[in-house]
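Read the structure below first, then the notes.
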Amino acid sequence: MSIEKIKKICVLGAGTMGHGIAQLFAMSGYEVWMRDIEQGILDNAIKRITWSLKKLHEKGRLKETPEQILSRIHPTLSMEEACKEADFIIEVVPEILDLKKKVFSEADKLAPLHAIIATNTSSLPITEIAEATNRPEKVIGMHFFNPPVIMKLVEVIKGQKTADEVVKVTIELAKKLGKEPVLVKKDSPGFIVNRILGAIIHEAIWAIERGEYSIEEIDSATRFKANMPMGVFELIDFIGIDVTYHMMKAMMERGVKFVIPKSFEDKAKSNELGVKSGKGYYMYPAPGKYMKPSISAKAGSKVDIIKLLSPAVNEAAKLLDDDVASLEDIDKAVKLGLNFPNGIFEMADLFGLDLVVNSLNKLKSERGFNLYESAQILAKMVQEGHLGRKTGKGFYEYKIEEKVLDTIKVRYELPIAWVILNRPDKLNALNNKMLDELEATFKELDRDERVRVIILMGEGKAFCAGADVKAFENMTGVDAFKFSRRIQEVFEAIEKTSKPVIAAVHGYALGGGLELAMACDIRIFAESALVGQPEINLGIIPGAAGTQKLARLIGVGKAKELIFLGDMIPADEAERLGLANKVVLTSELELEARKMGLRIAEKPALTLMIAKYIIDYGKDVAEAIGKALEALGFGLARSTEDATEGIKAFLEKRKPKFTGK
Ligand code: COA
């Protein structure tokens, strides 16, 4: 059958999903028979469709009037009327296998022989449902996400006997509805989205169970470190604790090795089930009334996000092992079905696959579940040294070039360039050669249009322990004056780079090391960072702008304290003082810097440059002049093509595509 032959659609079930699916087909021009067992349900469905069409019409998102679209939806109580002459039937009854089988068996008897019968299940086996019919080759899974009118993703699931032609037509049909279908090649438990979501939820509830983290810490980390739209527990509340429990149970019955802690099972059987009860993990204003819980970004800063998400990466990788879906479709499903900013494999490459496997091993020994056995593909990639972005190859390939100079290394991981101080045996102490190489490198990177963000790090156990003290030994006062001017000049070249520069600081950042970090736009400190201006102990003062920059950054009093005492302060104190933008786990420093770099690199390049320029040049002048600069910069930013695109994209409710022009 070809898609052109599909004229009459039949939707069996008019509940939450059913009415939305019926509306969707009608919006795409199909005649739709919507069947349910009670007139009240049908009336309610029509009421909700009418409301939704009106809203879409007001927003100018419909090609026709709501009345025209509604005239194509035919509510009915008769199974016979709904199925006869139907070309495509989609079943949307509650997730009870026997009920679905009954509906399929009836539909099979009533529908024309050529009709495809799809099931909108999120967890039940297509193959088994198909067995209730005499046309298993025409039975397929078509899993929409809630609300179907809005959510772009459709999982198209091939049952054991589903014909290729039926798969092809269903995929075309989903596209015709304006959706982005992904193909689930095998009838695997939870398909793509729920399998991965299940693994995330499983890990979160076990971390709580074992007292490793609090609910707020986990939700903060998922929201602010993984940039997911909701915290895990917030999401469980949203879905319903009971629904989540049943979803996981259904996967377990079909072979997924989750283990549900008793406390979660008890919660699922209580009357505090999440948003719908007005209380779950969080409190809500009233039953059914959702309000986003307020969660601090800081609460999750100590959560090991790689450990939390490694089981999800593993389940996704097992889907590859079993050839359930393609890499691209899995990532697409995660982005469109869960609204994650990145696909699960994109995230894994960012984390580093070695760290993912280490976390799985750690979890296996801590919790003892077979679930954590590494997927074959994951173990193989680690064995072969394909560890993700950092090695240029993981689930995806990345182009990486490295330039090794005498004292620094430059890694081009476009759009990011990493500048790595490379005198680890001297704790990256700054000598003349390093100053020359830093200056030349930053000037070159500034000119290189492929580079959007620069990250500065230190090799070995320190960021940088300052200027090379050896060089001071035989310096005259005039030499020292010249040296100070020289180091100031080089750091100024870094500061004046037109691109954002991030310092990723671990271990010591002392004297010139701290001043170097202060020449960068943003400073991320690892927990291990120890920073200070110890020059006083050598009988000198900071000479690379420390006296000026510290006073401006943390205030005169604190700057004097640091410089007079020459003490080293730990990362959290540096953060309190405003020296660090944020403090992260030492193991996650590179990841956090890369994540921030990639996020900044997505922003409009010229506008970033203008913002940096105005902030840097405006901060030391009278406010009125700074404001005049800002207004000029505002005008200049508006004149970019990216501003035109950004404003247009906002109004069209889509993500902007910035080109840097
Ligand atoms: N200049 C030159 N060499 C330096 C240096 C600097 N600023 N900082 C560290 N090094 C060298 C050390 O001399 C040592 O070299 P060696 O192995 O050849 O002896 C090597 O780096 C490792 O340092 P080490 O002192 O052994 O490490 P540590 O962990 O015991 O102590 C510090 C680390 C940072 C506390 C200590 O090295 C230090 O105080 N450095 C000087 C910091 C400073 O005053 N900076 C401001 C300069 S203006």
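Counting convention: from 1, in listed order, for ligands and their atoms alike.
- The ligand atoms of ligand 1 that sit less than 4.0 angstrom from a heavy atom of Asp425 are 20 (C), 21 (O), 22 (C).
- Geometrically, ligand 1 and Ala465 share a nitrogen or oxygen pair separated by less than 3.5 Å.
- Among protein heavy atoms, the minimum distance from atom 5 (C) of ligand 1 is reached at Ala429 CB, 4.0 Å.
- Protein non-hydrogen atoms do not reach within 4.0 Å of atom 12 (C) of ligand 1.
- Arg210 and Glu212 are not joined by a salt bridge, as no carboxylate oxygen comes within less than 4.0 angstrom of a charged side-chain nitrogen.
- Of the protein's heavy atoms, Asp468 OD1, 3.1 Å lies nearest to atom 2 (C) of ligand 1.
- Looking at Ala467 next to ligand 1, an N or O pair under 3.5 Å apart turns up.
- In summary, the side chains of Asp331 and Tyr396 do present a donor paired with an acceptor at a separation below 3.5 Å, with no hydrogens or angles considered.
- In this structure, the ring of Tyr412 has its center no less than 6.0 angstrom from the ring center of Trp418.
- Residue pairs satisfying the side-chain hydrogen bond (donor to acceptor under 3.5 Å, both in side chains) criterion with at least one member in residues 498-520, sequence neighbours excluded, are listed as follows: Asp446-Ser498.
- Remark: ligand 1 and Glu535 share no N or O pair separated by less than 3.5 Å (distance only, no angle test).
- There is a protein heavy atom closer than 4.0 angstrom to atom 8 (N) of ligand 1.
- Remark: Lys307 is not positioned above the aromatic ring of Phe351, lacking an NZ or CZ atom under 6.0 angstrom from the ring centre and at most 45 degrees off the axis.
- Taking a cutoff of 4.0 Å between a charged side-chain nitrogen and a carboxylate oxygen, Glu234 and Arg223 qualify as a salt bridge.
- In this structure, atom 15 (O) of ligand 1 has protein heavy atoms in its sub-4.0 angstrom surroundings.
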Audit row: Tyr372, Asn361, side-chain hydrogen bond (donor to acceptor under 3.5 Å, both in side chains) steps and yes/no: CA-CA 7 Å; Tyr372 304 117; Asn361 291 339; over 6 Å; no

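- For Gly512, the closest heavy-atom approach to ligand 1 does not fall below 4.0 Å.
- In this structure, atom 19 (O) of ligand 1 is not in close contact with the protein, since no protein heavy atom lies within 4.0 Å of it.
- Of the protein's heavy atoms, Leu427 CD1, 4.7 Å lies nearest to atom 36 (C) of ligand 1.
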Contacts table for residues 597-610: side-chain donor-acceptor under 3.5 angstrom, sequence neighbours left out:
none

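- No N or O atom of Pro534 sits closer than 3.5 Å to an N or O atom of ligand 1.
- There is no side-chain donor-acceptor pair under 3.5 Å between Tyr213 and Asp304.
- Using a 4.0 angstrom heavy-atom cutoff, Gln533 does not count as in contact with ligand 1.
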